[in-house]
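Per chain, numbering begins at 1; letters A, B, ... match sequence-line order.
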Number of protein chains: 2
Amino acid sequence: MFKSIKSKLQLDNEKWDHYIDYFHRIEMPSKTILLEEGSISKKMYIIEKGCIRVWINNNGKDITTQFFIENEMVGSIESFRKNIPSPTNIETMEPCVLWWISKENLDTIVEEVMKDPRLRNLFVDKIFERTFDYMKYFISTIKYSPLERYLQLLEERPEIIRRIPQHYIASYLGISSVHLSRIKNQIHKEK
Amino acid sequence: MFKSIKSKLQLDNEKWDHYIDYFHRIEMPSKTILLEEGSISKKMYIIEKGCIRVWINNNGKDITTQFFIENEMVGSIESFRKNIPSPTNIETMEPCVLWWISKENLDTIVEEVMKDPRLRNLFVDKIFERTFDYMKYFISTIKYSPLERYLQLLEERPEIIRRIPQHYIASYLGISSVHLSRIKNQIHKEK
DNA sequence: AGGATTTAGTAACAAATGTTAATGTAAGAA
DNA sequence: TTCTTACATTAACATTTGTTACTAAATCCT
């Protein structure tokens with residue numbers, strides 16, 4: 001599970017083993033809420049197996065804002081970093097195998113990481129990447145039509161479309177599931 | 001101009017004076033392109049006076065993605081950080097007084113800053129803030145109607161609406177200027 | 001001051017998207 | 001397996017938003 005991360009970070013064994021102990025394996029059934037809107041995030045998760053969505057409640061309807069699959073890290077970074085109530089819900093969409101780490105332990109690692117110029121740079125790059133991703137999402141919603149956004153998703157994360165029920169995808173794209181059906185139908189006809 | 005930044009960072013005078021020298025004052029007429037799509041960003045700007053927009057070209061039409069006013073810092077962080085062609089254009093919308101700093105000099109400051117745990121934290125917080133802002137923008141486009149987004153903008157950045165021509169605002173909200181007219185009319189009637 | 005350009009509002013029509021309801025199919029639970 | 005629930009598609013109609021064209025006002029330039 002952690003081998004790919006290890007080789008990427010190039011940590012020495014001693015530190016590495018220490019860090020590994022901070023993570024705890026859990027299994028969760030589908031449709032489990034890992035973090036509820038309004039509560040403060042105390043854990044981050046790495047997904048070994050399964051699939052998770054992040055969503056916000058909007059007058060009873062929920063809107064999915066992100067999907068995560070294997071080897072990705074999930075959590076409300078905002079709630080985590082600033083110790084404030086999470087604006088989002090985090091929920092499994094399949095039976096999942098997860099590894100969680102507490103805020104305290106992750107903070108310890110981050111503190112260590114920040115002392116090493118090379119790792120620090122990797123970390124800051126990682127945060128920038130997140131920022132750029134959100135920037136891209138944002139621009140994409142005003143620049144492209146739902147059809148175009150669907151095709152992009154199909155291109156960039158086909159796994160998501162294959163595994164996740166369509167109405168979640170629709171909500172993620174900002175359209176109704178009926179309209180997504182129309183879009184798929186349209187693509188089908190054009191071929 | 002730099003006093004508020006200075007007091008915020010609590011730097012000692014010696015370092016501070018050193019950093020100040022990295023900034024250069026320039027005046028720019030309205031509608032000047034500071035950074036063109038496709039070119040690599042070499043400068044960051046702080047706005048002393050005036051107003052700037054960031055936009056991307058979409059089949060001949062331009063879409064405004066951000067506005068900046070006095071005391072804000074502008075630049076294509078993505079192009080800056082990764083040394084890649086900028087996806088956006090940056091353009092003045094009023095005659096501006098700006099202070100620019102070169103990538104090299106800013107990198108020097110950042111490197112210094114990262115050595116000090118307190119400043120490092122401020123810096124990382126700043127980046128996280130950007131990320132959260134983009135997250136909010138993104139969520140807002142799928143969660144709220146154009147009317148709601150207009151009211152939010154009016155609430156959060158009234159300055160922008162007062163100073164900037166309506167078709168740029170419309171483009172920023174992702175709607176046509178005609179539709180923004182309708183929205184304003186609608187708000188007017190409801191009062 | 002005067003002419004050109006930019007900007008904002010309105011109307012009419014067109015296109016995109018949402019809503020509701022009905023139907024069939026697939027997937028999960030007892 | 002059988003029942004129930006979740007999911008996807010389609011049609012009909014409603015609503016939202018875009019486009020084009022026209023007008024009037026405001027601003028810019030010389």
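Distances from the side chain of A:His179 to the nucleotides C:dG9, C:dG18, D:dG18 place C:dG18 closest. For A:Ile175, the listed nucleotide lying nearest its side chain is C:dT17; candidates were D:dT17, D:dA21, C:dT17. Closest approach to the A:Lys31 side chain among D:dC7, D:dA8, D:dG18 is made by D:dC7 (side chain taken as heavy atoms from C-beta onward). The listed nucleotides are C:dA11, C:dT20, C:dA8; the one nearest the side chain of B:His167 is C:dA8. Distance from the side chain of B:Pro146 is smallest to D:dT17 among D:dT10, D:dA12, D:dT17. The side chain of B:Val178 lies closest to D:dT19 when the candidates are D:dT19, C:dA8, C:dT17. If you check C:dA12, D:dA12, D:dA8 against the side chain of A:Pro165, the one that comes closest is D:dA8.
Here C:dG9 presents its P atom at 8 Å from CG of B:Leu180, a figure rounded to the nearest Å. Following rounding to the nearest Å, A:Lys184 (NZ) and D:dA8 (P) show an atom-to-atom distance of 7 Å. Atom CE of B:Met93 and atom P of D:dC28 are 13 Å apart (whole Å). Atom P of nucleotide C:dA8 and atom CD1 of B:Ile169 are separated by 9 Å, given to the nearest angstrom. Atom OH of A:Tyr168 is separated from atom P of D:dA6 by 9 Å (rounded to the nearest Å). Per the geometry, CD1 belonging to A:Ile142 stands 16 Å off P belonging to D:dT17, to the nearest Å. In this structure, B:Arg163 atom CZ and D:dA26 atom P are separated by 21 Å, rounded to whole Å. Rounded to whole Å, atom P of D:dT9 lies 11 Å from atom CD1 of A:Ile187.
Rounding to the nearest 0.5 angstrom, the gap separating the CD1 atom in A:Ile33 from the CE atom in A:Met28 is 11.0 Å.
For the pair B:Lys61 and D:dT19, the criterion of a side-chain N or O lying under 4.0 Å from OP1 or OP2 is met. The side chain of A:Asn185 places no N or O atom within less than 4.0 Å of a non-bridging phosphate oxygen (OP1 or OP2) of D:dT9. At C:dT6, none of the side-chain N or O atoms of B:Gln166 fall inside 4.0 Å of OP1 or OP2 (strictly under the cut-off).
A:Glu36 and A:Asn89 share no donor-acceptor pair across their side chains, judged by distance under 3.5 Å alone. Looking at B:Glu104 and B:Tyr22, their side chains never bring a donor and an acceptor atom within 3.5 Å of each other.
Between B:Tyr172 and B:Tyr137, the two ring planes are perpendicular [angle over 60°; tilted spans 30° to 60°].
Side-chain contact between B:Glu72 and B:Ile46: absent, with no pair of heavy atoms (C-beta onward) separated by less than 4.5 Å.
For the pair B:Lys184 and B:Tyr150, the NZ or CZ position fails the cation-pi test of under 6.0 Å to the six-membered ring centre and within 45 degrees of the ring normal.
Looking at B:Thr92, its side chain does come within 3.5 Å of a backbone N or O of B:Thr32 through a donor-acceptor pair. For the pair B:Thr131 (side chain) and B:Ile127 (backbone), a donor-acceptor distance under 3.5 Å is present.
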Below 3.5 Å between N/O atoms, which protein atoms pair up with nucleotides 24-30 of chain C? Just atom names and distances, please.
none

